[in-house]
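Below, chain A is the first sequence line, B the second, and so on; all start at residue 1. This structure is a prediction, so every number in the text was calculated from the model and none was measured.
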2 protein chains.
Amino acid sequence: MTKHKDNKTEEQILKAAQKIFQSKGMDGARMQEIADKANINKAMLHYYYRSKQLLFEAVFKKAFSLLAPQLNAILNDDSSLEDKIKNFTHNYISFIIKHPYLPNFIIQELNRNPDFIEKIKNNVAFPNINKFKLQVKNEVKASNIVSISAEQLFINILALNIFPFVASPLIKAFTDIDDKTYKMLLEARKKEVSDFIINAIKK
Amino acid sequence: MTKHKDNKTEEQILKAAQKIFQSKGMDGARMQEIADKANINKAMLHYYYRSKQLLFEAVFKKAFSLLAPQLNAILNDDSSLEDKIKNFTHNYISFIIKHPYLPNFIIQELNRNPDFIEKIKNNVAFPNINKFKLQVKNEVKASNIVSISAEQLFINILALNIFPFVASPLIKAFTDIDDKTYKMLLEARKKEVSDFIINAIKK
DNA sequence: ATTAAGTTTAACCATATGGTTAACAAAATT
DNA sequence: AATTTTGTTAACCATATGGTTAAACTTAAT
């Protein structure tokens with residue numbers, strides 16, 4: 001973390017910890033399992049990260065700082081609302097397809113410990129909704145879109161983009177869809193979702 | 001479970017287990033904590049439910065059979081598509097406001113162990129999408145709504161309804177909204193969401 | 001009143017688990 | 001080359017945890 005050189009071991013640990021924590025969560029993860037996956041002695045985990053909690057926080061912060069900046073595309077970009085929605089939806093779904101564990105990991109752990117987000121706010125570039133609020137307000141005032149609050153629209157955009165990844169086992173079961181078909185369905189959502197949203201706010 | 005009479009203890013245990021499991025998950029829950037909350041000796045847990053796993057399954061099945069039938073309102077009701085969306089959205093959000101832990105619990109535990117849903121399918125009334133598929137196909141063919149697959153529409157409906165509960169800590173942080181305001185925002189969604197969906201599929 | 005069955009308790013057990021220690025090896029510094 | 005610092009290991013430790021047991025107690029049937 002601080003005193004160590006460019007160490008390889010430290011990275012190995014973080015990589016292994018990422019995999020284990022992201023698939024099993026803080027409570028389900030075992031230090032021994034992380035050590036095994038990293039091919040190192042368990043004591044090394046403590047040598048580099050002191051405790052399970054700190055190792056977890058390192059993993060969480062990294063995950064969060066990977067996910068959060070993506071939201072700047074919708075919140076702080078200068079493009080038009082319609083372009084934003086199109087681009088964000090396309091890029092975000094592409095991004096999550098490459099990191100399918102991410103949203104669920106973050107949501108799960110934030111629910112386990114909601115106060116944790118305060119710690120994060122001070123350590124990570126944290127997106128802010130203010131600019132987006134202004135933009136939506138203006139579009140509504142100009143009668144370009146239906147009357148909707150920025151918050152509700154933001155929630156809807158996030159919901160439509162993220163939920164299918166978080167709830168995949170549930171959705172697969174209800175729709176009787178296998179893994180392959182589900183992947184195609186997610187792929188199709190890159191366009192489907194933005195069409196859906198844009199239509200929803202059109203007058 | 002089987003040999004026992006109308007026992008009160010058994011119910012106390014299940015109630016306590018519900019609270020603990022639903023807020024901490026299988027991995028985070030402790031048998032001792034459940035016993036404490038139920039005001040009984042820890043051995044009683046095993047006397048009535050044999051193991052942590054079986055107690056957990058009892059809780060999960062009960063939660064699932066509470067949540068799943070709600071979906072029949074959208075999948076197997078006889079009303080028109082528009083009515084369905086209106087009613088479902090309103091009822092479902094009301095329902096989840098009363099059981100805020102439910103969706104997250106089920107999603108989290110299904111992600112932890114996706115095979116688990118197979119066990120459930122045999123034990124619980126399990127909604128099926130077929131009827132809804134026909135209905136959507138007909139509405140599309142009749143040009144009453146835009147071209148959309150039943151699966152994608154179903155996912156969108158679930159996403160917009162459930163996600164705000166599952167991701168509340170995240171959304172609260174990004175939008176800088178406090179608990180009280182968030183509750184009002186959820187309340188407003190009973191109508192907002194159905195308007196949003198209906199507008200989205202209108203031609 | 002006696003017995004049998006079901007219920008409850010305290011004490012106990014084996015193992016898993018996060019974490020520590022002391023000795024040792026390898027670099028880096030002098 | 002000698003010494004200090006950093007990295008690594010195996011063995012160990014204290015505690016937490018799911019689960020068991022045997023005995024005590026309660027209830028209801030005989």
Does [N] have its OP1 or OP2 closer than 4.0 Å to a side-chain nitrogen or oxygen of [X]?
X        : N       : result
Thr9(B)  : dT7(C)  : no
Tyr47(B) : dT20(D) : no
Ser51(A) : dG18(C) : no
Arg30(A) : dG18(C) : yes

- Message: One pair to check against side-chain contact (heavy atoms from CB on, under 4.5 Å): Phe165(A) and Tyr101(A). What are the steps and the verdict?
- Response: CA-CA 8 Å; Phe165(A) 294 93; Tyr101(A) 277 113; over 6 Å; no

Over how many whole Å does the gap from [X] atom [atom1] to [N] atom [atom2] extend?
X        : N       : atom1 : atom2 : value
Asn7(A)  : dA28(C) : CG    : C1'   : 14 Å
Lys52(A) : dA16(D) : NZ    : C1'   : 12 Å
Met44(B) : dG19(D) : CE    : C1'   : 14 Å
Gln53(B) : dT17(D) : CD    : P     : 18 Å
Ile13(B) : dT8(C)  : CD1   : P     : 8 Å
His46(B) : dT7(C)  : NE2   : P     : 17 Å
Met26(B) : dT17(D) : CE    : P     : 14 Å
Asn41(B) : dG18(D) : CG    : C1'   : 14 Å

- Query: Salt bridge or not for Lys37(B) and Glu33(B), using N-O below 4.0 Å?
  - Reply: no

- Are Asp195(B) and Lys191(B) within salt-bridge range, i.e. N to O under 4.0 Å? yes

- Task: Could you check which residues of residues 31-40 of chain A get a heavy atom under 4.0 Å from DNA chain D? Sort them by number, please.
- Result: none

Does a side chain donor of either [X] or [Y] reach within less than 3.5 Å of an acceptor in the other side chain?
X         : Y         : answer
Asn113(A) : Glu109(A) : no
Gln135(B) : Glu139(B) : no
Arg112(B) : Asn104(A) : no

- First of Lys42(B) and Arg50(A) reached from the 5' end of DNA chain C, by closest nucleotide: Lys42(B)

- Task: Choose from dT9(C), dT7(C), dG19(C) the nucleotide whose nearest atom is closest to any side-chain atom of Ala43(B).
- Result: dT9(C)

- Task: Provide the closest heavy-atom pair for Lys84(B) versus Ala73(B) in the form atom of the first, atom of the second, distance.
- Result: CG-O, 3.8 Å

